[in-house]
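Everything below concerns the one structure shown next.
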Amino acid sequence: MFENLRRQRALKRVVPGNGRPLKRFRWWQSLSRALFYLRLTAGDGRQSVWAVDVKHGRQDSNGHVRAHLYLDGRHHAESRLPAVFPVPGGAVEVRASSFGLKRCHYVTDDGAEHQLVPDRDSAEGRRAHFDRKHPALSRWTGAVSAAVLVVALLVLLVQLAEQLTRPQEIAQYVGTFTSPVHLSGWANTAVGLVTAAASTERALRLRYSLLLDGGAG
């Protein structure tokens with residue numbers, strides 16, 4: 001029920017596009033722009049190409065990042081994120097995290113989900129190409145990213161537990177917890193950078209976990 005209400009609110013945020021042409025992806029936009037495609041075939045055999053364009057660092061006057069939907073290269077609609085765009089046979093759902101997109105899927109009317117295809121020149125497209133060319137190494141890279149986030153989460157939890165049990169008012173009831181891990185300032189910075197890199201790698205594959213990626217940012 002809650003999901004349906006959220007979906008209906010997102011649909012109401014969609015506004016018509018202005019027909020401007022879709023600009024090609026440039027290499028310097030790799031970390032600031034996401035571009036995904038969806039090809040749909042109508043009952044009469046006519047094929048249409050839909051594109052979702054999101055510029056991560058660009059916000060509107062209200063501080064919201066917006067997703068833009070293009071049909072056959074022309075601006076068709078736009079909405080602030082999270083966005084739900086109605087398209088033939090279903091809807092395209094777009095959601096962002098602190099490190100990129102966590103969702104860009106075509107959801108059919110019968111509930112089937114299909115991730116859109118990233119532009120070849122985008123960071124997501126290059127990561128997908130790497131996965132196709134080197135599947136074993138790609139799986140290893142993904143496993144390392146997940147492991148980094150698990151370790152970072154554990155470090156955060158033990159440090160937080162020490163801080164929470166330090167006040168005497170709390171320690172007299174639960175005791176004082178001493179963290180087995182004490183990192184210097186530069187070490188904490190390094191952990192933060194590695195964690196951000198791991199979450200960014202996962203975002204390039206549209207992987208997201210509230211516990212792991214949410215805790216990272």
Side-chain angles (χ1 to χ4, degrees), residues 2-133 200 202-208:
F2 176 76
E3 183 64 28
N4 287 334
L5 290 175
R6 184 167 60 178
R7 184 184 178 90
Q8 291 301 317
R9 287 198 300 269
L11 286 169
K12 292 178 180 178
R13 292 196 295 265
V14 177
V15 297
N18 56 21
R20 67 176 181 268
L22 174 64
K23 295 181 179 180
R24 62 176 295 188
F25 198 96
R26 303 293 185 177
W27 65 267
W28 60 81
Q29 299 173 322
S30 293
L31 296 180
S32 63
R33 182 185 181 192
L35 182 58
F36 287 79
Y37 300 101
L38 171 67
R39 296 181 181 273
L40 295 177
T41 302
D44 58 3
R46 184 175 61 85
Q47 190 176 78
S48 58
V49 179
W50 300 82
V52 173
D53 189 10
V54 179
K55 295 180 176 62
H56 300 299
R58 183 175 300 180
Q59 299 177 339
D60 60 20
S61 58
N62 294 316
H64 298 129
V65 175
R66 304 186 70 82
H68 299 267
L69 182 70
Y70 290 79
L71 171 58
D72 294 333
R74 293 290 175 178
H75 193 236
H76 181 74
E78 66 178 272
S79 171
R80 72 172 177 85
L81 296 177
V84 177
F85 295 111
V87 296
V92 172
E93 299 182 357
V94 188
R95 297 178 189 170
S97 70
S98 300
F99 301 94
L101 294 185
K102 61 182 177 182
R103 185 169 178 79
C104 190
H105 287 65
Y106 171 56
V107 183
T108 65
D109 292 332
D110 59 7
E113 296 188 3
H114 308 276
Q115 182 177 310
L116 274 64
V117 178
D119 187 279
R120 175 63 179 83
D121 292 329
S122 68
E124 292 86 355
R126 294 179 186 278
R127 181 62 180 84
H129 179 72
F130 175 73
D131 182 67
R132 292 191 297 270
K133 296 290 290 186
T200 299
R202 285 169 54 81
L204 295 180
R205 296 181 288 122
L206 273 65
R207 300 292 189 272
Y208 182 82

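Throughout, numbering of the chain's residues begins at 1 and tracks the sequence.
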Can you give me the closest heavy-atom contact between Leu116 and Phe36, atom names plus distance?
O-CD2, 3.4 Å
Nearest heavy-atom neighbours spanning Arg205 and Arg127:
CD-NH2, 3.5 Å
Please report the shortest heavy-atom distance between Arg95 and Pro82, naming the atom on each side.
CG-CB, 3.7 Å
Applying side-chain contact (heavy atoms from CB on, under 4.5 Å) to His76 and Trp50, what does each step give before you reach the verdict?
CA-CA 9 Å; His76 181 74; Trp50 300 82; 3.6 Å; yes
Any chance you could lay out the side-chain contact (heavy atoms from CB on, under 4.5 Å) test for Tyr106 and Val87, step after step, and finish with the verdict?
CA-CA 9 Å; Tyr106 171 56; Val87 296; 3.5 Å; yes
Determine the sole option in Leu101, Leu69, Leu38 for which the side chain to side chain contact (heavy atoms under 4.5 Å, CB included) test with Val52 is passed.
Leu69
Short N-O contact, Lys55 and Asp53, less than 4.0 angstrom
yes
Can you tell me how far OG of Ser30 sits from CD of Glu124, rounded to the nearest 0.5 angstrom?
8.5 Å
When rounded to the nearest 0.5 angstrom, what distance separates CD in Glu113 from NE2 in His105?
6.0 Å
Over all atoms of both residues, closest heavy-atom pair of Gly19 and Arg74:
O-CD, 3.0 Å
Nearest heavy-atom approach of Val84 to Ala91 is CG1-CB, 3.8 Å
Should Arg20 and His68 be marked as a side-chain contact (heavy atoms from CB on, under 4.5 Å) after you check the CA-CA gap, both sets of side-chain angles, and the distance that decides it?
CA-CA 11 Å; Arg20 67 176 181 268; His68 299 267; 3.3 Å; yes
Which atom of Tyr37 lies closest to which atom of Asp119, heavy atoms considered:
OH-OD2, 2.7 Å
Side-chain H-bond candidate by donor/acceptor type, Arg13 with His64, under 3.5 Å
no
What do you reckon, is CG of Leu11 surrounded by more than 12 foreign heavy atoms closer than 6.0 Å?
yes
Between the CZ atom in Arg126 and the NE2 atom in His129, the distance rounded to the nearest 0.5 Å is 9.0 Å
Around atom CZ of Arg39, are there more than 12 heavy atoms from other residues, nucleotides or ligands closer than 6.0 Å?
no
Say whether, by atom type as modelled, one donor and one acceptor occur between the side chain of Asp72 and the main chain of Val49 under 3.5 angstrom.
yes
Mark yes or no for whether Ser79, through its side chain, and Ala83, through its backbone, hold a donor-acceptor pair below 3.5 Å.
no
Could you grab the distance from atom OG of Ser97 to atom NE2 of His56, nearest 0.5 Å is fine?
8.5 Å
Begin with the C-alpha distance, continue with both residues' side-chain angles, and end with the deciding distance and a verdict on side-chain contact (heavy atoms from CB on, under 4.5 Å) for Phe25 and Arg33.
CA-CA 8 Å; Phe25 198 96; Arg33 182 185 181 192; 3.8 Å; yes
Donor-acceptor pair, distance only, cut-off 3.5 Å: does the side chain of His75 make one with the backbone of Asn18?
yes
Pick one: which of Asp121, Val117, Leu22 meets side chain to side chain contact (heavy atoms under 4.5 Å, CB included) with Leu35?
Leu22
